[in-house]
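The structure under discussion appears below in the form of structure tokens.
Counting begins at 1 with the first residue of the sequence. Since this is a predicted model, take the numbers as computed values, not measurements. Only heavy atoms go into these numbers, but all of them, side chains included; no hydrogens, no water, no symmetry mates.
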Amino acid sequence: MTRSSSDASVSETASPAARAVESKKRESLLAAVTRLWTQHTHRLTWLQWVTDIILGVLFAISLGLPFDYDASNGTTLTWLLLPSWVLFTVAIILRRYAPWPSFLIVVLAALLKSIFAFGPHPQDVAIYLSIYAAVAYGSRALLVTSGAYGIIAPTLIVALMPHWDPGTFTWASIASNLDGSRDEFLLSAALIWLLFVGAGVVAWLAGLLRRMHLRAQEVKNRAAITELERLRAKEQLTAEQERSQIARDMHDVVAHSLAVVVAQADGARYAMKSSPEAAEAALVTISSTARSALVDVRGLLGQLRHSQEAGPEPGLDELPALYSRMRAAGLDLQLETRGQPGTLSTQAQGAVFRLLQESLTNVLKHGDATQQVVVRLSWGQVFEVTIVNAIADPPRPRTDTGHGLIGMAERIGIAGGNVQAERLGGQFRVHAWLPLASAQPTGTGELEGDRARTTTERQDL
């Protein structure tokens, strides 16, 4: 019996739609798995990866070796311990990167070891390392789960003691194997249980202390960021108040001067034919008033442009204190100084200090504060400062208006230098140069030209 042409056409049109639905389901499942994996993993530095891999290898070639130390014919290699040997090694390597998967791998390995009728073994050290890592780096649910496992697992081990030797299946037979009474056996079982539970409690408490230390460090970082933001807000408020005062003064100068100019111009226009002397006097008044107003306006504009210079500017001598505050906030700073130190103007020193302060604060707020931050000061024909840090993965959400880099560029530009901020792969780099004091531009045109050359390539961390 053959299909009709109409049935074939319906099947052909439905087939692509069905394939599209199946493809969409697979993509959604893959996205869900990827999202779940991302939620339960942490970003590690290369040094942390190397440390964990070395620890896993050391475990695999020492405590984790699949040897049966209680065999009748001495220590022998047994294939029954090979699955747990592999799983425990993988769990140790992944314990910080993926606490939940590592813990589940350990539970699976311990279950396989129990199914194969093996009692306590040096491989069990991996269980307590996993409990420590689960509490220290895992979620709150994993913290509770690992604690419960540390009590339940030893209880099951003691309950399965009769099955460690496949030839014995009763408590009485184990007691006879111990060449003692049942009470002596129960005492031995209780001691084994207390030993396992005690080791689990120690691992759990050690992980809890590490967790509290990490949380305290995070709180310290947030407090440092909050304090820096408070100081910045205070500076911005002071600058805004100064600008408001300058705006009022400028209004008074311009309004008064223009009123005088308008009045004298009208008088001169009417007196030009009848009283040339009065018209000339009015023009002299207009000229002097305009000149005076021009001087006042220039002074106010200069004060507005350089308002950040009001008060003592921090210099290079205060950089060690800044580094200490940033280290206390959790940054790992690598400081490099190249060349023979020269002389910078007070204005340039203040600009360098603010540049470093803003850049290091941005690392705390938007970068990866767990990785090393390079701060390089280079002295030569010009002074150069470079800050390189790792970008957070995933990027942290920004809550500010993002004017920090613009402010840095303005300060460096006023000091006669240039600044550039850019993203280079997984890093963010801020580089600036300033002329030494002996090479400072003196002409107004040169200064304006240097300001015009100031560039900032702003990209999100």
With the side chain counted from C-beta on, respond yes when Arg43 and Gln371 share a heavy-atom pair under 4.5 Å apart, and no when they do not.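 Arg43 reaches Gln371 side chain to side chain.
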Distance from [X] atom [atom1] to [Y] atom [atom2], nearest 0.5 Å?
| X | Y | atom1 | atom2 | value |
| --- | --- | --- | --- | --- |
| Gln357 | Leu228 | CD | CG | 6.5 Å |
| Trp46 | Thr51 | CH2 | OG1 | 8.5 Å |
| Ile391 | Asp368 | CD1 | CG | 10.0 Å |
| Ile387 | His431 | CD1 | NE2 | 10.0 Å |
| Gln349 | Phe383 | CD | CZ | 9.0 Å |
| His121 | Ile127 | NE2 | CD1 | 11.5 Å |

Consider side-chain contact (heavy atoms from CB on, under 4.5 Å). Of Glu218, Gln217, His213, which one does Arg215 pass it with?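 Exactly one option meets the side-chain contact (heavy atoms from CB on, under 4.5 Å) with Arg215, and it is Glu218.
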From the list Val430, Asn389, Leu333, Leu355, side-chain contact (heavy atoms from CB on, under 4.5 Å) with Leu360 holds only for Leu333
Side-chain donor/acceptor of [X] to backbone N/O of [Y], under 3.5 Å:
| X | Y | value |
| --- | --- | --- |
| Gln48 | Thr45 | yes |
| Ser84 | Leu81 | yes |
| Ser130 | Ala126 | no |
| Arg211 | Val135 | yes |
| Gln372 | Asp332 | no |
| Ser102 | Ala98 | no |

Quick test of your reading: applying salt bridge (Lys or Arg N to Asp or Glu O under 4.0 Å), list the pairs with at least one residue in residues 82-96, sequence neighbours left out, ordered by first then second residue. Asp52-Arg95, Asp52-Arg96
For residues 192-209, which side-chain N or O atoms pair as donor and acceptor with protein atoms under 3.5 Å away, sequence neighbours left out?
residue : atom : partner : partner atom : Å
Trp193  : NE1  : Thr155  : OG1          : 2.9
Trp204  : NE1  : Leu143  : O            : 3.1

Considering only NZ, NE, NH1 and NH2 on the basic side and carboxylate oxygens on the acidic side, decide whether Arg338 and Glu384 come within less than 4.0 Å.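 Looking at Arg338 and Glu384, the cut-off is not met.
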Ion pair check, Arg230 and Glu227, cut-off under 4.0 Å: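 Answer for the salt bridge query: yes.
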Considering non-hydrogen atoms only, spot the tightest contact between Thr89 and Trp85 and give its length.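 Reported closest heavy-atom pair: OG1-O, 2.8 Å.
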Please name all residues satisfying ring pair (Phe, Tyr, Trp, His ring centres under 6.0 Å) with Phe103, sequence neighbours left out, ordered by chain then number. Tyr149
